[in-house]
Trainee: 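One structure is given below, represented as structure tokens, and several questions about it will come after.
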Amino acid sequence: MKSFTRWWSRCFLWGVAAILAAGSTLVVRAAPPIPDPCKLITQAELEQIAGLLKGAPKAGDIASGDVSYEYKLAKTPSWISIRLHDGELSYWKRRNGGTNPVSLPEFGKDAFVNSDSYGSADLYAKKGNLILRVSMPKGPTAVEMVKAIAKKALPRL
């Protein structure tokens with residue numbers, strides 16, 4: 001029995017050696033780092049678009065998958081959220097597009113804005129494997145503001 005175990009161990013080791021010598025093509029690569037949503041637009045750019053900020057932006061819990069920053073503003077609108085998601089825009093459109101999502105071809109294929117998503121205006125655009133979502137309370141200038149923010153943020157994604 002001892003000789004059989006020794007023989008089996010040698011066969012296994014020779015097999016592993018043969019596989020390694022053959023030049024395995026398995027390459028393991030780390031996933032690209034997720035960009036910091038706070039760096040997609042500067043505070044000065046955001047203030048130019050939406051008005052004076054109140055305090056520092058609040059980061060989401062990246063460890064739990066909430067890749068976001070929320071900005072509080074001194075005046076209305078009271079907040080702006082910049083989030084990054086993965087997946088397909090078609091999923092997000094079905095889920096959060098509402099009854100009349102507006103296509104935004106200037107932001108890429110399938111980009112859209114929902115001007116009334118449970119009280120907020122939400123813009124979705126995709127670059128690479130990530131989806132940029134810019135949200136703020138709905139209002140008469142909300143769609144134009146989320147578009148202006150996305151115009152600055154999307155190229156930096």
Side-chain angles (χ1 to χ4, degrees), residues 16 19-157:
V16 170
I19 290 170
L20 293 174
S24 176
T25 58
L26 177 64
V27 177
V28 178
R29 293 192 176 121
I34 297 172
D36 182 351
C38 194
K39 294 181 179 176
L40 297 177
I41 188 165
T42 67
Q43 289 188 3
E45 291 170 329
L46 196 56
E47 285 182 337
Q48 200 173 40
I49 294 167
L52 191 62
L53 296 176
K54 184 169 84 174
K58 181 182 175 199
D61 183 11
I62 292 177
S64 72
D66 181 11
V67 183
S68 68
Y69 267 88
E70 187 168 308
Y71 300 85
K72 297 285 184 192
L73 292 127
K75 296 183 180 181
T76 57
S78 58
W79 56 269
I80 294 173
S81 173
I82 298 176
R83 297 180 180 280
L84 297 177
H85 301 283
D86 60 0
E88 295 300 320
L89 277 174
S90 57
Y91 164 78
W92 290 99
K93 194 171 194 176
R94 279 191 314 274
R95 181 177 175 214
N96 298 346
T99 55
N100 296 311
V102 176
S103 293
L104 299 173
E106 67 268 31
F107 290 102
K109 184 178 183 278
D110 298 327
F112 69 96
V113 68
N114 179 353
S115 61
D116 187 11
S117 176
Y118 302 103
S120 67
D122 294 345
L123 181 145
Y124 293 83
K126 185 169 184 170
K127 184 172 180 186
N129 293 329
L130 294 173
I131 295 172
L132 171 69
R133 176 181 176 183
V134 181
S135 304
M136 67 186 326
K138 74 176 186 174
T141 61
V143 170
E144 292 309 313
M145 290 172 94
V146 294
K147 286 169 70 175
I149 293 166
K151 187 176 181 179
K152 295 279 187 184
L154 195 59
R156 297 173 184 161
L157 189 58

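Starting from 1, each residue takes its place in the sequence as its number.
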Trainee: Mind checking salt bridge (Lys or Arg N to Asp or Glu O under 4.0 Å) for Glu45 and listing every partner two or more places apart, or none if nothing turns up?
Mentor: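 Glu45 satisfies salt bridge (Lys or Arg N to Asp or Glu O under 4.0 Å) with Arg156 once adjacent residues are dropped.
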Trainee: Ile131 versus Leu84: any side-chain heavy-atom pair under 4.5 Å?
Mentor: no
Trainee: May I have all residue pairs that pass ring-ring contact (aromatic ring centres under 6.0 Å, His included) and include part of residues 96-121, sequence neighbours excluded?
Mentor: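 Sorted result for residues 96-121: Phe112-Tyr124.
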Trainee: Using the salt bridge (Lys or Arg N to Asp or Glu O under 4.0 Å) criterion, which residues pair with Asp116? Sequence neighbours excluded.
Mentor: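 Listed in chain order: Lys138.
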Trainee: Please check if the side chain of Ser64 supplies one atom and the backbone of Asp61 the other of a donor-acceptor pair under 3.5 Å.
Mentor: yes
Trainee: As an exercise, state the distance from CE of Met136 to OG1 of Thr141, rounded to the nearest 0.5 Å.
Mentor: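 It comes to 6.5 Å.
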Trainee: For atom NZ of Lys93, is the number of surrounding heavy atoms from other residues, nucleotides or ligands below 6.0 Å larger than 12?
Mentor: yes
Trainee: Would you say Ile149 and Leu123 make side-chain contact, with heavy atoms under 4.5 Å?
Mentor: no
Trainee: Less than 3.5 Å apart, any donor N or O on the side chain of Asp66 or Ser68 sitting next to an acceptor on the other?
Mentor: yes
Trainee: Using salt bridge (Lys or Arg N to Asp or Glu O under 4.0 Å) as the criterion, list what pairs up with Lys126, not counting sequence neighbours.
Mentor: Glu88
Trainee: Tell me, do Asp86 and Asn129 make a side-chain contact under 4.5 Å, heavy atoms counted?
Mentor: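 No, too far: nothing below the 4.5 Å cut-off.
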Trainee: Applying salt bridge (Lys or Arg N to Asp or Glu O under 4.0 Å), name anything that partners Lys72, two or more places apart in sequence or on another chain.
Mentor: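 Lys72 satisfies salt bridge (Lys or Arg N to Asp or Glu O under 4.0 Å) with Glu70 once adjacent residues are dropped.
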Trainee: Going from CG on Leu89 to CZ on Arg94, what distance comes out if it is rounded to the nearest 0.5 angstrom?
Mentor: 11.0 Å
Trainee: With heavy-atom distances below 4.5 Å as the criterion, would you say the side chains of Lys147 and Leu104 are in contact?
Mentor: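 Yes. Closest side-chain heavy atoms under 4.5 Å.
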Trainee: How would you list all residue pairs meeting ring-ring contact (aromatic ring centres under 6.0 Å, His included) that involve residues 39-85, not counting sequence neighbours?
Mentor: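 ring-ring contact (aromatic ring centres under 6.0 Å, His included) check on residues 39-85 returns His85-Trp92.
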